[in-house]
Amino acid sequence: MLTTETRTHRMVLRAALVAAAAAVLLVAVAALVAGSSAALGAAVGGVIAVGVFAFGSFAVELVSRLMPTASLLFAMLTYTFQVVAMALVFVALNESGLLDDELDSTWVGIAIILGALVWMTVQIVVATTARIPAFEPRPGAPVEGGAR
């Protein structure tokens, strides 16, 4: 078993939980500062950010397990899809008349930006502090410290 098989789920889950917690805090701040439409906008923005990033991470993980050689290409395509998906959500919200009527568009944007920054920060911290071996030892090979 490779070390990355068990760590990706935990990394994505940790990033999603921290980003969701940041979104909840932002909803509380928005409610205190600007009222209910700002709080609702922050909540919608937080759900969009966590949903889009989690879907993209799980999709890239699935492809990297099934076809490791295509994982970089799929990761780039997933990034493009995430940007397009967020743009389409904004267009749909704008066309529906929800933005600036029931949802404060400023707080939607702040929540998405905060979600992206928190998500990336958690991913970077977890990836740089993880102890991932550079190679997998052969099964059954004796482990001798310092032997060459």
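Quick note: residue numbers are just sequence positions, from 1.
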For a quick test of your reading: what N or O donor-acceptor pairs under 3.5 Å do the side chains of residues 66-79 make, sequence neighbours left out?
| unit_1 | atom_1 | unit_2 | atom_2 | d |
| --- | --- | --- | --- | --- |
| Ser71 | OG | Pro68 | O | 2.9 |
| Thr78 | OG1 | Phe74 | O | 2.7 |

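The CD1 atom of Ile110 sits 8.0 Å away from the CG atom of Asp104 when rounded to the nearest 0.5 Å. Rounded to the nearest 0.5 Å, atoms CD (Glu102) and CG (Leu93) are 10.5 Å apart. Annotation: the span from Ser57 atom OG to Leu62 atom CG amounts to 12.5 Å, rounded to 0.5 Å. Taking CG from Leu40 and CG from Leu103, the interatomic distance works out to 4.5 Å, rounded to the nearest 0.5 Å.
For the pair Gly45 and Ile112, the tightest heavy-atom approach, listed with the atom from each and the gap, is O-CG1, 3.4 Å. Nearest heavy-atom pair across Gln123 and Ala15 is NE2-CB, 4.1 Å. Across all non-hydrogen atoms, the minimal contact from Ala42 to Ala111 is O-CB, 3.3 Å. Closest approach of Ala38 to Trp107, counting heavy atoms only: CB-CD1, 3.2 Å. Residues Val18 and Val118 approach most closely at CG1-CG1, 3.5 Å, considering heavy atoms.
Both Val89 and Val108 are members of a single hydrophobic cluster when ILVMFWY side chains are connected at heavy-atom separations under 4.5 Å. Following chains of ILVMFWY side-chain contacts shorter than 4.5 Å, one can reach Val60 starting from Val63, so the two form part of one hydrophobic cluster. A continuous path of hydrophobic side-chain contacts links Leu98 to Met86 [ILVMFWY only; heavy atoms under 4.5 Å]. Residues Val27 and Ile48 do not share a hydrophobic cluster, defined by chaining ILVMFWY side chains whose heavy atoms lie under 4.5 Å apart.
Taking the side chain as every heavy atom from C-beta outward, Val122 and Arg14 approach each other to under 4.5 Å.
Judged purely by atom type and a 3.5 angstrom limit, Thr128 uses its side chain to pair as donor or acceptor with the backbone of Val125.
Not counting sequence neighbours, the partners of Ser105 by the side chain to side chain donor-acceptor pair (under 3.5 Å) test are Asp100.
For residues 41-63, the set of pairs meeting the ring pair (Phe, Tyr, Trp, His ring centres under 6.0 Å) definition, not counting sequence neighbours, comprises His9-Phe58, Phe53-Trp119.
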